[in-house]
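This report concerns only the one structure given below.
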Amino acid sequence: MSDPFYITTAIAYPNGKPHIGHAYEAIATDAIARFQRLMGRDVCFLTGTDEHGLKMDQTARGLGIPTQQLADEMSFYFRDMCDKLDISIDHFSRTTSDHHHKASQAIWKRLEASGDLYLDRYEGWYSVRDEAYYDEAELTEGEGGTKLSPQGTPVEWTVEESWFFRLSKYQQPLLDFYAAHPDFMRPESRKNETIRFVEGGLKDLSVSRTSFDWGVKVPGSDNHVMYVWLDALTTYISGIGFPDDTEEWRKYWPASVHIIGKDIVRFHTVYWPAFLMSAGIPLPKQVFGHGFLLTRGEKMSKSLGNVVDPIELAGLFGVDALRYFLLRDVSFGQDGSYSPEAIVTRVNADLANSFGNLAQRTLSLIFKNFEGCLPAIHGHTDDDNALFDVVREAVSVQIPAHFEDLAMSQALERWMHAVFACNAYIDVQAPWALKKTDPERMETVLATLFICIAQLAVAALPVIPGSARKLLDQMGVPENVRNFGNIVSHWYSPLAESGFRIAQPQGLFPRLELPAEEENAA
RNA sequence: GGCGAAGUAGCUCAGCUGGUUAGAGCGGUGGAAUCAUAAUCCAUAGGUCGGGGGUUCAAGUCCCUCCUUCGCUACCA
């Protein structure tokens with residue numbers, strides 16, 4: 001294979017179990033990765049956990065367990081989420097691994113060699129929870145005269161020796177890079193924000209801490225640990241081999257796209273590129289900041305008690321149902337809203353009623369009337385060709401174009417459009433009525449539908465991998481045509497002539513019911 | 001305060017560089033069909049495209065202004 005495609009999610013900070021936002025990001029990234037594989041590209045998909053930092057250390061201490069043990073436990077939940085949601089990762093990287101420490105120290109040495117690191121003192125109001133310093137002016141007065149950060153977290157006056165990175169030096173190089181690579185930041189609104197931020201001037205960045213030791217040691221300064229972001233971002237390259245000159249590293253870097261949440265755009269579009277420039281490493285081709293998922297239009301938060309467990313949700317509605325809903329109902333890049341009603345409505349309408357039912361009625365007719373043998377084609381009519389045109393246009397032109405553009409919801413909209421065309425076709429042709437009047441025509445109609453359904457199933461593989469695969473299995477579609485290139489080739493007649501028979505068709509997408517408690521709430 | 005995004009049918013939203021009667025899905029209504037997961041198909045419902053002003057032969061689609069929501073950022077020190 002050639003044409004490598006390297007995609008990553010953000011490296012999650014596992015100070016709690018994964019929530020729906022983590023799941024959303026993983027699912028979206030997975031759909032893109034799967035799509036690219038089905039386009040024949042050599043894909044590497046990396047995710048992982050960012051386990052350093054004071055917060056982890058403190059949480060562990062609070063629980064009375066070793067920090068590493070907490071990290072192991074929490075990281076497991078994220079790894080487990082990937083398994084449960086059918087996330088097709090190639091690498092799960094952890095910042096606590098030995099190799100990652102080595103990689104982080106290697107990049108540190110490169111920054112140092114470029115003359116971009118210097119030792120200084122840092123003092124100011126520090127928030128442990130945010131792991132950030134704030135200006136006096138940014139603080140607000142809390143209860144009892146305590147000082148609070150803009151995020152409402154407590155701050156303490158802290159003085160520490162710190163290594164600094166000459167971020168200021170990269171202001172112009174970054175702006176030049178943005179100008180030369182208009183697709184580097186997406187969507188557009190995030191790009192504008194970043195450019196204005198950089199134009200406003202960059203201050204050097206404190207990149208080490210001495211107040212705790214749960215992190216990567218700074219080479220030559222054992223009492224310092226590296227700033228969590230420098231360490232975390234390095235995961236994108238350490239996960240594929242850096243600093244070793246491995247085959248993966250040579251093949252996959254620079255990354256095709258980093259998929260991240262809109263809240264951490266700056267780290268990925270300002271700090272990360274600056275670090276890489278300093279280290280003499282090529283920059284990723286694109287950073288995409290997706291939106292947030294709101295619960296019934298409200299921001300998720302622990303205090304509101306509306307934090308949703310994605311595993312529970314998948315258990316309730318099905319993994320593919322959840323995946324489909326998130327990618328279909330939320331325009332990628334914008335905020336989206338989630339509710340049980342919305343999932344049930346969308347999934348029933350699209351997957352159960354339209355697509356699932358289409359497959360079921362077609363396969364049932366074949367199963368009952370031909371003992372499962374695939375019907376022969378006795379010459380196609382204009383109606384057949386018109387349907388082929390619609391489905392083929394969707395499957396080999398529109399859907400790939402939208403996926404390529406990371407517009408999953410639009411890809412699925414085109415997919416549904418083609419599904420509608422199939423349902424309209426089956427109603428007009430009424431193969432069940434042709435049984436007595438024109439059995440040969442009945443065969444052709446069902447064969448036509450069979451082909452179209454297979455094409456649509458392949459196009460849906462990135463989003464609903466489990467159920468699409470099950471359908472293709474039921475239909476006996478050979479593995480080697482289950483991709484965007486081959487599914488529009490002539491595989492049907494050979495399959496029919498091979499003597500393949502479909503078994504009694506099994507429904508793919510059961511109609512969902514609104515959970516009882518939700519009905520009451522609504 | 002500055003910059004930016006958004007405000008389009010009951011709901012969720014499409015509408016690129018301005019141009020025939022403003023679109024889709026869901027919901028609602030009226031038909032058809034009965035192979036299928038009571039699923040499907042057809043027709044339809046008449047929305048001042050946030051308000052106002054302007055440019056143009058022609059504006060959701062460009063300009064100005066106002067209102068609302070949101071994001072980034074700054075400041076009041």
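Every chain is numbered from 1 and lettered A, B, ... according to where its sequence line falls, protein lines coming before strand lines.
Taking the charged nitrogens against the carboxylate oxygens, D86(A) and R323(A) have no contact shorter than 4.0 Å, which rules out a salt bridge. Under 4.0 Å is where a charged nitrogen must lie from a carboxylate oxygen, and between D320(A) and R469(A) no such pair does. Between E199(A) and R196(A), none of the side-chain N atoms (NZ, or NE/NH1/NH2) sits under 4.0 Å from a carboxylate O, so this pair counts as no salt bridge.
The side chain of F509(A) approaches U37(B) more closely than any other nucleotide in the set A14(B), U37(B), G71(B).
Distance noted for atom P between A5(B) and A14(B): 15 Å (whole Å). Comparing the P positions of U12(B) and A58(B) gives an interatomic distance of 35 Å, to the nearest angstrom. Rounded to whole Å, the P atom of U73(B) lies 33 Å from the corresponding atom of G18(B). Between the P atoms of U8(B) and A74(B), the separation comes to 31 Å (whole Å). Spacing between G25(B) and U34(B) at atom P, rounded to whole Å, works out to 25 Å. A gap of 27 Å separates the C1' atoms of A9(B) and G53(B), to the nearest Å. The separation of G10(B) from U48(B), taken at their P atoms, amounts to 9 Å, rounded to a whole angstrom. One C1' atom belongs to A24(B), the other to G15(B), and the distance between them is 10 Å to the nearest Å.
Position along RNA chain B of the nearest nucleotide to L508(A) versus D350(A) favours D350(A) as the more 5'-ward residue. Where E193(A) and N357(A) each meet RNA chain B at their nearest nucleotide, the meeting point lying more 5' is that of N357(A).
Nucleotide G28(B) is matched to U44(B) when pairs are restricted to Watson-Crick or G-U wobble geometry with both distances under 3.5 angstrom. Of the nucleotides present, C70(B) is the one that pairs with G4(B) by Watson-Crick or G-U wobble criteria, both distances under 3.5 Å.
At most 12 heavy atoms of other shown residues, nucleotides or ligands fall within 6.0 angstrom of atom NZ in K470(A).
The distance between atom CZ of R414(A) and atom P of G15(B), rounded to the nearest whole Å, is 13 Å. Atom CZ of F267(A) and atom C1' of C72(B) are 14 Å apart (whole Å).
K368(A) comes within 4.0 angstrom of the backbone, heavy atoms only, and of no base. Counting non-hydrogen atoms under 4.0 angstrom, Q410(A) reaches nothing in the nucleic acid. Among the atoms of the strands shown, only primed sugar atoms or phosphate atoms (P, OP1, OP2) are found under 4.0 Å from some heavy atom of A424(A). Across all strands shown, F420(A) has heavy atoms under 4.0 Å from sugar-phosphate atoms exclusively, and none from any base.
Here R511(A) reaches the OP1 or OP2 of A39(B): one of its side-chain N or O atoms lies under 4.0 Å away.
For G10(B), the glycosidic angle deviates from 0 by more than 90°, giving an anti base.
For the atom pair NE2 (H290(A)) and OG1 (T29(A)), the distance works out to 7.5 Å, reported to the nearest 0.5 Å.
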